[in-house]
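Down below is the structure, laid out as C-alpha cells.
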Amino acid sequence: MARKEKGKVRVRIAPSPTGYLHLGTGRTALFNWLYAKHHESEFILRIEDTDRERSEKKYEDDIFSGLAWLGLDYDEGPLPDGGDKGPHAPYRQSQRTSLYRQHLESMLLAGSAYYCFCKKDELDTERQSLEAQGLAPVYSGRCRSLSQAEAVTRLANGESAVIRCKVPNQKLVFEDLIRGKIEFDLKLIGDIVIAKNLENPLYNFAVVVDDASMLITHVIRGEDHIANTPKQIVIQQALGLPKVHYAHLPLILDPDRSKMSKRYSAVAVSSYRKEGYLPEAIMNFMALLGWHPEGDKELMPLNELIAEFDLGRIQKAGAVFNAEKLDWMNGQYLRKLSDREILQKIKTISDQSEKKNKLTEAQELKIVNLLKSRLKKLSEFSELTGFFYELPSYNSELLLWKEMSSKETRDVLRIIISSVEKMDQEINKSSAEQALAPIVAQWGRGEVLWPLRAALSGEKSSPGPYEIMEVLGKTETLNRLQKAVEKITS
RNA sequence: GGUCCUGUCGUCUAGCCUGGUCUAGGACAUCGCCCUUUCACGGCGGAAACACGGGUUCAAAUCCCGUCGGGACUACCA
C-alpha cells in the first residue's frame, strides 16, 4: 500500500464529556487516528464541553482512560492532569471562550450575525404550527432587521437575547469524501442560533472556530452530523475561514438497525474493558465495522490497518454491531498471547481475593494453558475454571458413561484409585496417562476417561482428565475420586 | 410530517466507479462430518443474499428512472 505524502492532513476527535466514552466515539476516533497515521500526520483531541450543565469531570476522565486503553494516542490536546499537550492552548472548549467571543463579535460587527430577542415559548409555538402544516421548522427572521443600536439598547435594558447567524436563501452543496455530493436548501434551515450570548457559544459555532484554529483539514465523524454540515459551512463562510473536507461515517447499529444505544447493548468502551476484551481485538473489530481492506483479510494487526486504511473503502450504510463476531475475534487475539500474559490480564480485571482455595502461580499458569482454547473473553475465566479451586456439587449420574452401570463405574473408579495411589506425589500428564494405560486398555477409553474426568471436574465439559490431575496433584485427585465413589455408592 | 443518507447471505462484508471472468467470494453465527472420553480448538463440507419494477445494452449485482423498505436529523444538547 502506497503511503501518501506526509504532513498533509490534520484530523481530530471531539467528544463531549456528557457520558462515558461511547463505542461509536471510539470507532470515530479510530478512523481519524488511522487516517492520521496512514498519512503520517496529526491527530488531535478536543474536549467539547460548551454545555456546562451536562459536562462532568468523571466523563472526561473516562474519555482519557478509554482512549489510552485503546492505544489511541493524540498529538495535541488536553492532558488528564489538566495540562496540555502540543503547541496550542488546552483543547477544552470551556477554556477558549475568549476566542469564541472574538469571532462572535466580528460576526455581529460585520452584520452576518444578530441579536434575537424572541421568547422561547413564542418560538416553540411557531415551530409547532409550522410542523403541523408539514413545513420545515424555520425561524421567521423577525429580529433579523433590528438595528445594532436598538439591540444594544435592549441588551442594556436587561432583555435577554441569543445570537443568530444569517443564513442565505440559497442552495448549498458540499462534497462528502464517502458519499459524494450532498445538497441542502438553506431556506429550510433558517437563521440558526450560534450562541446563547458572547460567553456561551453553541456547538455548531464552536466547532467551526476550533477546527479552523486547530488547522483541521479533514472532519471525519458520524453520519448523524450530516445535517449539521451545511450550518457549519455557512458559519465558516461568514467568518471567512478556510474550507475543510468532510467524511461522514456510517453509524454503528443495534440489531433492530437503529443507532446503537445502551438500551440494547453495552456502549461504553470501559464496559468492554471490564468484560475482558483486548484492545487489539476491539480495534480490529471496530475498524471492520464500516471499513474493509482489499481482499479477504480480517485479522489485521494495527500496522496493517494503518498501512491499508483508506476513506474510499468505507461503507455507506450503517453496520449492525455483531457481538458474536467480536467474541470470536477476541478469542483469536487471546490465543496469540502467552499464558503468563493472559494470567496477568485476568488478574487485572478480576477480584482474586474471593477465591476459596489458593493455587500456586504454576498451577494457575497450567490452568490458563488448558482453558486458552475455549476462552473468548477474560471475564469467562473464573466460571470456566472454578472447579479447579473447588469441586462443584454434581449429580452421581454425571459419572456414568453411555451404557455403563453404576456398579461398573464404581469398579472402574476404585481401580483407578488404587493405581493413582501407587503414583508419585508429583503427577504430570504423561505419567498419569502411563499409569492408567492398562486400565484403559482393559475397559476402553470412554469407560475410564469419562468417569475419571467427571469425578475430577464435576462438570459436563472440561479439559482432559490427565491434565486436570497434573494441576490438582495426587492428594486432591484421590480426594475427588474417593468422593465420587461415595456418591455413586450411596 | 419535512430534510438528508442508505439498501449484496441472519450479521459484517468482497464485487459496483472502469457492465461480460459472478453457476456472486470471504468472515461470524448455524448445520453435518473428521479429530476426540466431554467441551473447546483445529480440519473438511453444506445451507444461506444481489429489496422490487421498469428501462439502456448482444450482455446488469454493476449504468438510468421509479417504487418500496431502513436509518439519521429536525434544541437557546453535542
Side-chain angles (χ1 to χ4, degrees), chain A residues 14-19 48-51 53-55 93 116 118-120 123-124 127 130-138 160-164 176 178-180 182-185 188-189 192-197 200 202-204 206-207 222-230 248 250-251 253 255-259 285 288-299 312-313 315-329 331-332 335 370-376 384 398 401-402 440 444-454 457 459-466:
Chain A
S16 70
T18 54
E48 306 224 317
D49 55 354
T50 49
D51 186 343
E53 315 258 295
R54 297 198 303 147
S55 296
Q93 291 187 327
C116 169
C118 296
K119 297 282 163 290
K120 202 170 179 201
L123 259 21
D124 284 345
R127 181 169 36 241
L130 248 24
E131 276 178 349
Q133 297 171 63
L135 299 170
V138 182
S160 70
V162 298
I163 301 171
R164 284 185 189 271
D176 186 284
I178 295 170
R179 290 151 214 280
I182 300 181
E183 179 177 304
F184 282 90
D185 189 350
L188 264 23
I189 293 175
I192 51 170
V193 179
I194 55 173
K196 294 183 183 182
N197 51 53
N200 288 287
L202 257 21
Y203 167 74
N204 281 129
V207 164
E223 189 186 358
D224 46 351
H225 283 287
I226 290 181
N228 283 324
T229 308
H248 288 96
L251 263 18
L253 272 23
D256 67 355
R257 305 206 72 89
S258 64
K259 191 166 141 182
F285 179 74
L288 260 21
L289 274 182
W291 176 82
H292 199 276
E294 280 181 65
D296 289 334
K297 252 185 312 199
E298 297 211 317
L299 252 12
R313 296 188 63 86
Q315 210 70 216
K316 293 187 180 78
V320 173
F321 179 81
N322 184 190
E324 282 169 333
K325 188 156 185 175
L326 206 213
D327 284 355
W328 167 81
M329 191 168 276
Q332 297 295 313
R335 257 158 253 143
L370 296 181
L371 271 301
K372 213 174 174 175
S373 70
R374 65 209 77 193
L375 204 56
K376 290 204 159 121
L384 246 29
L398 181 70
W401 169 249
K402 288 187 177 166
V440 171
R445 293 185 74 81
E447 286 77 1
V448 176
L449 297 179
W450 175 268
L452 207 210
R453 195 194 56 75
S457 68
E459 301 277 7
K460 284 198 288 291
S461 65
S462 75
Y466 304 134

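The structure displayed is predicted, hence computed values, not measured ones. Each chain gets a letter, A, B and so on, in the order its sequence line appears, and its residues count up from 1. No hydrogens, no waters, no symmetry mates; every other heavy atom, side chains included, goes into these values.
Each of A/Thr18 and A/Leu288 lies near RNA chain B, and the nucleotide nearest A/Leu288 is the one positioned closer to the 5' end. Each of A/Ala319 and A/Lys376 was assigned the nucleotide of RNA chain B with the nearest heavy atom; the assignment lying further toward the 5' end belongs to A/Ala319.
Here, B/G25 and B/U62 have their C1' atoms 16 Å apart, quoted to the whole Å. B/A60 and B/G53 are spaced 15 Å apart, taking the C1' atom of each and rounding to whole Å. Comparing the same atom, P, in B/A24 and in B/A49 gives a spacing of 10 Å after rounding to whole Å. For the C1' atoms, the distance linking B/C52 with B/U74 amounts to 30 Å, nearest Å. On the C1' atoms, B/U23 is 25 Å away from B/G7, given to the nearest whole Å. Comparing the same atom, C1', in B/C64 and in B/C16 gives a spacing of 14 Å after rounding to whole Å. Across B/A14 and B/C63, the matching P atoms stand 15 Å from one another, rounded to whole Å. For the C1' atoms, the distance from B/G54 to B/A72 is 30 Å, rounded to whole Å.
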Does A/Ile178 form a side-chain contact (heavy atoms from CB on, under 4.5 Å) with A/Glu223? I'd like the steps, not just the answer. CA-CA 10 Å; A/Ile178 295 170; A/Glu223 189 186 358; over 6 Å; no

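Regarding contacts with the backbone of B/U38, every side-chain N or O of A/Ser457 stays at 4.0 angstrom or more from both OP1 and OP2. For A/Arg335 and B/C41, the shortest distance from a side-chain N or O to OP1 or OP2 is not below 4.0 Å. Residue A/Lys196 has a polar side-chain atom (N or O) positioned under 4.0 Å from OP1 or OP2 of B/C77.
Among the nucleotides B/U38, B/C28, B/U13, the one closest to any side-chain atom of A/Trp328 is B/C28. Of the candidates B/C4, B/C76, B/U13, B/C4 carries the atom nearest the A/Ile226 side chain, counting heavy atoms from C-beta on. The side chain of A/Asn322 sits closest to B/C28 out of B/A78, B/U6, B/C28. The nucleotide whose nearest atom lies closest to any side-chain atom of A/Trp450 is, among B/A72, B/G2, B/U37, B/U37. In the set B/C76, B/C77, B/C73, B/C73 carries the atom at the smallest distance from any side-chain atom of A/Ala227. If you check B/C41, B/C76, B/A72 against the side chain of A/Ser373, the one that comes closest is B/C41. Here B/U3 is the nucleotide among B/C77, B/A75, B/U3 with the atom lying nearest to any side-chain atom of A/Phe184. Comparing atom distances between the A/Arg257 side chain and each of B/A78, B/A75, B/C12 picks out B/C12 as nearest. For A/His292, counting side-chain heavy atoms from C-beta on, the closest listed nucleotide (B/U37, B/G26, B/U13) is B/U13. In the set B/C76, B/U38, B/C73, B/U38 carries the atom at the smallest distance from any side-chain atom of A/Arg453.
For B/G1, the paired nucleotide is B/U74, the pair qualifying as Watson-Crick or G-U wobble because both relevant distances are below 3.5 Å. Nucleotide B/G19 has no partner under the Watson-Crick or G-U criteria, as no pair reaches both atom distances under 3.5 Å. Nucleotide B/C68 is matched to B/G7 when pairs are restricted to Watson-Crick or G-U wobble geometry with both distances under 3.5 angstrom. B/C33 is paired with B/G43 under the Watson-Crick or G-U wobble criterion, all donor-acceptor distances under 3.5 Å. The partner of B/U57, taking Watson-Crick or G-U wobble pairs whose two distances both stay under 3.5 Å, does not exist in any strand shown.
Following rounding to the nearest Å, A/Gln315 (CD) and B/G7 (P) show an atom-to-atom distance of 8 Å. Going from atom CD of A/Gln332 over to atom C1' of B/A27 covers 11 Å, rounded to whole Å. Between A/Asp224 atom CG and B/A75 atom P there is a gap of 15 Å when expressed in whole angstrom units. For A/Asp256 and B/G71, the CG to C1' distance is 10 Å, given to the nearest whole Å. When rounded to the nearest whole Å, the span between NZ of A/Lys325 and C1' of B/C28 equals 5 Å. Rounded to whole angstrom, the span from the CD atom of A/Glu53 across to the C1' atom of B/A78 amounts to 14 Å. One interatomic measurement links the two molecules: NZ of A/Lys297 to P of B/A14, which rounds to 15 Å at whole-angstrom precision. B/U36 atom P lies 12 Å from atom CG of A/Leu449, rounded to whole Å.
For A/Asn228, the side-chain hydrogen bond (donor to acceptor under 3.5 Å, both in side chains) test picks out A/His225, with sequence neighbours left out.
A donor N or O paired with an acceptor N or O is not found under 3.5 Å between the base of B/C5 and the side-chain atoms of A/Arg179. For B/A78, the base has a donor-acceptor partner in the side chain of A/Asn228 [N/O atoms by modelled type, under 3.5 angstrom].
Without hydrogens or angle criteria, A/Trp450 side chain to A/Leu398 main chain gives a donor-acceptor distance under 3.5 Å. For the pair A/Asp49 (side chain) and A/Pro17 (backbone), a donor-acceptor distance under 3.5 Å is absent. Under a 3.5 Å cut-off, the side chain of A/Arg453 and the backbone N or O of A/Val448 do not form any donor-acceptor pair.
Residue A/Glu298 is classed as a base contact, given a heavy-atom separation below 4.0 Å to a base. Among the protein residues, A/Pro255 comes within range of no part of the nucleic acid, since none of its heavy atoms lies under 4.0 Å from any strand. The residue A/Lys259 sits close only to the backbone: its heavy atoms come under 4.0 Å of sugar-phosphate atoms, none of a base. A/Gly295 comes within 4.0 angstrom of nothing in the nucleic acid, heavy atoms only. Within 4.0 Å of A/Leu251, counting heavy atoms only, lie sugar-phosphate atoms of the nucleic acid but no base atom. Heavy atoms of A/Val193 sit under 4.0 angstrom from primed sugar atoms or phosphate atoms, though from no base atom. Nucleic acid contact class of A/Arg313 (heavy atoms, under 4.0 Å, all strands): sugar-phosphate only.
Counting heavy-atom neighbours within 6.0 Å of A/Lys402 NZ, excluding the residue itself, gives a total of 12 or less. Within 6.0 Å of NZ in A/Lys297 there are more than 12 heavy atoms belonging to other residues, nucleotides or ligands. Within 6.0 Å of the CD atom in A/Glu183, the count of heavy atoms belonging to other residues, nucleotides or ligands exceeds 12.
To the nearest 0.5 Å, the span separating CD on A/Gln332 from CD on A/Glu298 amounts to 10.5 Å.
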